[in-house]
Amino acid sequence: MNFQSFLSHRDAVLLDLDGTIVDSRAGIIGSLHDSLRDLGHEPDPKEDLTWVVGPPLHDLVARVLEHYGDDRAEEAVKLYRYHYERHGMHRSPVFTGMQEVIESVVASGARLFLATSKPVHLARAILDLRGLTKYFTALYGARPDDSGAEKPELIADLLREHAIPTNRAVMIGDRRFDISGAHANHIRALGVLWGYGGETELTEAGADGLVNDPGELLLAIREQLAAAHLHAEVVHAMPQADEQGKI
């Protein structure tokens with residue numbers, strides 16, 4: 001059974017953006033460095049900031065400022081937005097192979113959704129730059145002020161508003177937030193290793209599977225949705241088996 005024949009319009013594939021579809025590390029860290037310079041700090045070249053790609057903006061900015069003994073988080077967020085919207089977002093190339101994955105999911109008849117902690121207007125702008133917006137049924141992300149970025153609530157809204165059964169959805173992302181957000185809503189989650197979280201983080205978060213390369217992602221999606229369908233069928237059959245056992 002090939003990938004296209006397996007999925008249907010009832011199935012939903014949820015994709016994270018940063019570290020999953022696009023390689024946004026350089027744009028995000030560059031914008032953060034520019035913001036630090038505006039506040040009078042020289043960025044520490046020894047500090048590994050890969051971890052900043054993924055978490056909600058307010059959380060990560062406050063943590064970065066601690067390194068410099070600075071608590072001007074609100075001002076830093078405003079400066080970051082300024083630099084990111086003008087320069088940083090343009091430094092987000094699509095990972096090799098991900099456009100083909102997106103096209104194949106849509107060709108299968110399944111619905112494709114974006115589920116990102118990034119403000120949705122910026123996510124749309126990045127996808128527009130790459131010609132990818134047209135493939136998505138809907139885009140879900142934070143509000144312009146970065147509120148509403150928590151993955152559990154964001155995914156819950158997505159599933160509810162599009163009437164998606166939990167056994168018909170899979171979340172794909174590179175950070176623990178993607179995995180925990182999916183599991184909070186009783187859907188399966190795949191962790192991708194070309195992003196920024198890494199194998200240890202994703203394994204500890206309880207990812208249902210890990211994918212090394214975009215070329216392996218379509219098969220992994222198929223396997224996870226097949227397992228979710230089978231589990232739902234087993235659960236549905238259990239009460240009937242119990243009733244028959246009482247006769």
Side-chain angles (χ1 to χ4, degrees), residues 12-32 49-60 80-81 84-85 87-106 110-155 157-159 162 169-182 187 189-198 201-202 205 207 211 214 217 221:
V13 176
L14 285 56
L15 287 176
D16 175 46
L17 181 63
D18 298 318
T20 301
I21 299 175
V22 298
D23 184 1
S24 51
R25 182 183 184 278
I28 290 174
I29 294 177
S31 299
L32 196 55
L49 291 177
T50 300
W51 65 269
V52 306
V53 185
L57 181 59
H58 280 273
D59 297 345
L60 70 88
Y80 173 86
R81 287 182 185 142
Y84 188 78
E85 293 188 25
H87 307 290
M89 62 177 280
H90 295 277
R91 301 172 67 187
S92 300
V94 177
F95 283 109
T96 301
M98 279 307 295
Q99 177 155 345
E100 290 77 9
V101 169
I102 288 169
E103 291 173 350
S104 294
V105 168
V106 174
R111 290 176 290 171
L112 188 65
F113 296 89
L114 188 75
T116 176
S117 294
K118 186 183 293 295
V120 71
H121 73 283
L122 290 178
R124 183 182 298 278
I126 290 170
L127 292 175
D128 283 346
L129 285 171
R130 309 303 174 191
L132 296 177
T133 308
K134 62 185 178 183
Y135 295 106
F136 290 83
T137 297
L139 311 180
Y140 281 74
R143 303 180 188 92
D145 63 356
D146 291 291
S147 63
E150 299 300 327
K151 283 289 173 79
E153 291 79 7
L154 189 151
I155 292 173
D157 289 344
L158 190 162
L159 296 175
H162 294 273
V170 60
M171 174 72 203
I172 299 148
D174 69 311
R175 299 300 308 273
R176 60 186 173 87
F177 312 101
D178 303 305
I179 310 304
S180 60
I187 67 172
L190 285 167
V192 300
L193 298 180
W194 56 86
Y196 312 116
E201 175 179 315
L202 292 166
V211 186
L217 185 52
I221 291 172

Gap separating the CG atom of Leu158 from the CZ atom of Phe113, nearest 0.5 angstrom: 5.5 Å
With respect to Thr133, which candidate in Leu114, Ile126, Leu127 satisfies the side-chain contact (heavy atoms from CB on, under 4.5 Å) definition? Leu127
Going through the distances and angles, do Arg176 and Ser180 end up as a side-chain hydrogen bond (donor to acceptor under 3.5 Å, both in side chains)? CA-CA 6 Å; Arg176 60 186 173 87; Ser180 60; over 6 Å; no
Quick one: which of Leu139, Leu17, Leu57 gives a side-chain contact (heavy atoms from CB on, under 4.5 Å) with Lys118? Leu17
Assess whether side-chain contact (heavy atoms from CB on, under 4.5 Å) is satisfied between Ile21 and Arg130, documenting all intermediate values. CA-CA 11 Å; Ile21 299 175; Arg130 309 303 174 191; over 6 Å; no
Passing option when Asp174 is tested against Ile179, Thr20, Leu193 for side-chain contact (heavy atoms from CB on, under 4.5 Å): Thr20
More than 12 heavy atoms of other residues, nucleotides or ligands under 6.0 Å from CZ of Arg124: is that the case? no
Considering all heavy atoms, the nearest Met171-Ala182 contact: CB-CB, 3.6 Å
Below 4.5 Å, heavy atoms only, C-beta onward: do Leu60 and Trp51 meet side chain to side chain? yes
Between the side chain of Ser117 and the main-chain N/O of Ala149, is any donor-acceptor distance below 3.5 Å? yes
Do Val211 and Ile221 come within less than 4.5 Å of each other through their side chains, counting heavy atoms only? no
Could you tell me if the side chain of Met89 sits less than 4.5 Å from the side chain of Leu129, heavy atoms only? yes
In Å and rounded to the nearest 0.5 Å, what is the CG to CZ distance from Leu112 to Phe136? 4.5 Å
Is it true that a side-chain atom of Ser31 and a backbone atom of Tyr80 form a donor plus acceptor pair closer than 3.5 Å? no
Working for side-chain contact (heavy atoms from CB on, under 4.5 Å), residues Ile102 and Val94: CA-CA 11 Å; Ile102 288 169; Val94 177; 6.0 Å; no
Value for CG (Asp178) from CD1 (Ile155), rounded to nearest 0.5 Å, stands at 7.0 Å
Testing the basics here: between Gly30 and Arg91, what is the closest heavy-atom pair and its distance to 0.1 Å? CA-NH1, 4.4 Å
Write down the atom of Ala207, the atom of Gly191, and the distance for their closest heavy-atom approach. CB-N, 4.1 Å
So, for Leu217 and Trp194, which heavy atoms are closest and what is the spacing to 0.1 Å? CD2-CH2, 4.1 Å
Hits for side-chain contact (heavy atoms from CB on, under 4.5 Å) against Glu103, two or more places apart or cross-chain, chain-then-number order -> Gln99, Tyr135
Quick check: does any side chain N or O of Arg25 sit under 3.5 Å from a backbone N or O of Leu49, one acting as donor and the other as acceptor? no
Using every non-hydrogen atom in the two residues, find where Thr116 and Ala123 come nearest and quote the distance to one decimal. CG2-CB, 3.9 Å
Evaluation steps, side-chain contact (heavy atoms from CB on, under 4.5 Å), between Leu15 and Val101: CA-CA 11 Å; Leu15 287 176; Val101 169; 5.7 Å; no
Apply the test side-chain contact (heavy atoms from CB on, under 4.5 Å) to residues Asp146 and Arg81: give CA-CA distance (whole Å), side-chain angles for both, the deciding distance (0.1 Å), then the verdict. CA-CA 10 Å; Asp146 291 291; Arg81 287 182 185 142; 2.5 Å; yes
Among residues at least two apart in sequence or on other chains, which ones pass side-chain contact (heavy atoms from CB on, under 4.5 Å) with Ser24? Asp18, Val22, Ile28, Val53, Ser92, Tyr196
Distance-only, no hydrogens or angles: does the Arg175 side chain make a donor-acceptor pair with backbone N or O of Glu201 under 3.5 Å? no
Can you tell me if Asp157 uses its side chain to pair, donor with acceptor, with the backbone of Leu154 under 3.5 Å? no
OG1 on Thr96 to CE on Met98, rounded to 0.5 Å: 11.0 Å
